[in-house]
Amino acid sequence: MAPALQTSYVFSLAIKVGAPIVAGDLGHGVRRIIPVLGGEVRGPGIKATIFPCGADFQTIRPNGFTELEAKYAFEMDDGAVVYIENIGIRFGPKPLLDRIAKGEIVDPGQIYFRSVPRFETGAANYRWLMENLFVGVGARHPDRVEIDVHQVL
């Protein structure tokens with residue numbers, strides 16, 4: 001029998017985001033690009049600054065189901081640079097999703113927002129980020145996205 005699935009909290013991302021760039025209706029959903037303006041990473045023994053680069057490339061389906069693909073990087077306080085590619089989904093009641101799309105505040109408990117962050121770094125201290133799986137639990141706010149990252153043990 002395989003071991004039971006467990007997770008352990010690692011850190012939180014607070015990602016400042018800009019106004020959406022809307023590329024239009026693709027026929028199967030609306031493409032939006034959300035610029036990453038910066039932010040911070042905080043957790044036990046971890047402190048980093050998110051670079052003002054990258055974006056979240058979204059496809060919003062007609063029912064509001066949103067596919068997320070964010071790519072950006074952060075710098076640890078010790079100078080190590082970590083690239084993150086975070087693939088996820090966000091879904092909930094259509095009226096609440098419409099409010100999020102307009103930049104309005106919505107109770108995060110009413111929205112299913114999960115992701116699978118993947119990390120890359122050349123820094124030996126943080127190679128463990130590349131050698132484990134992680135799951136993110138997110139919340140969208142008008143000016144930022146907050147994601148708690150958990151290591152799958």
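Note that the structure is a prediction, hence the values are computed from the model and not measured. Excluded from the calculations below are hydrogen atoms, water molecules and symmetry mates; all remaining heavy atoms, backbone and side chain alike, are included.
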Please table the atom pairs, donor to acceptor, closer than 3.5 Å between any side-chain atom in residues 15-27 and protein atoms at least two apart or in another chain.
unit_1 : atom_1 : unit_2 : atom_2 : d
Asp25  : OD1    : Gly27  : N      : 2.7

**OP:** Could you list the residues that satisfy side chain to side chain contact (heavy atoms under 4.5 Å, CB included) with Ala14, not counting sequence neighbours?
**Re:** Glu40

Original post:
Taking only residues two or more places apart in sequence or in another chain, which ones pass ring pair (Phe, Tyr, Trp, His ring centres under 6.0 Å) with His141?
Top reply: none

**OP:** Please collect all salt bridge (Lys or Arg N to Asp or Glu O under 4.0 Å) contacts where either partner lies in residues 80-100, sequence neighbours excluded, each pair once.
**Re:** Lys71-Glu85, Glu85-Arg118, Lys94-Asp98, Arg99-Glu104

Original post:
What residues, two or more places apart in sequence or in another chain, satisfy ring pair (Phe, Tyr, Trp, His ring centres under 6.0 Å) together with Tyr112?
Top reply: none

**OP:** With sequence neighbours excluded, tell me which residues meet salt bridge (Lys or Arg N to Asp or Glu O under 4.0 Å) with Arg31.
**Re:** none

Original post:
Can you name the ring pair (Phe, Tyr, Trp, His ring centres under 6.0 Å) partners of Phe91, sequence neighbours left out?
Top reply: Phe65

In a table with atom names and distances, give each donor-acceptor pair under 3.5 Å that connects a side chain of residues 47-59 to protein atoms at least two apart or in another chain.
unit_1 : atom_1 : unit_2 : atom_2 : d
Asp56  : OD1    : Glu69  : N      : 3.1
Asp56  : OD2    : Gln58  : NE2    : 3.1
Gln58  : OE1    : Arg32  : NE     : 3.2
Gln58  : OE1    : Arg32  : NH2    : 3.3

In a table with atom names and distances, give each donor-acceptor pair under 3.5 Å that connects a side chain of residues 128-139 to protein atoms at least two apart or in another chain.
unit_1 : atom_1 : unit_2 : atom_2 : d
Trp128 : NE1    : Asn125 : O      : 3.2
Asn132 : OD1    : Gln151 : NE2    : 2.9
Asn132 : ND2    : Trp128 : O      : 2.8

Original post:
What residues, two or more places apart in sequence or in another chain, satisfy salt bridge (Lys or Arg N to Asp or Glu O under 4.0 Å) together with Arg114?
Top reply: none

Subject >> side chain to side chain contact (heavy atoms under 4.5 Å, CB included) partners of Asp148, counting only residues at least two apart >> reply: Tyr9, Ser12, His150

Original post:
With Gln110, which residues qualify under side chain to side chain contact (heavy atoms under 4.5 Å, CB included), at least two apart?
Top reply: Leu96, Asp107

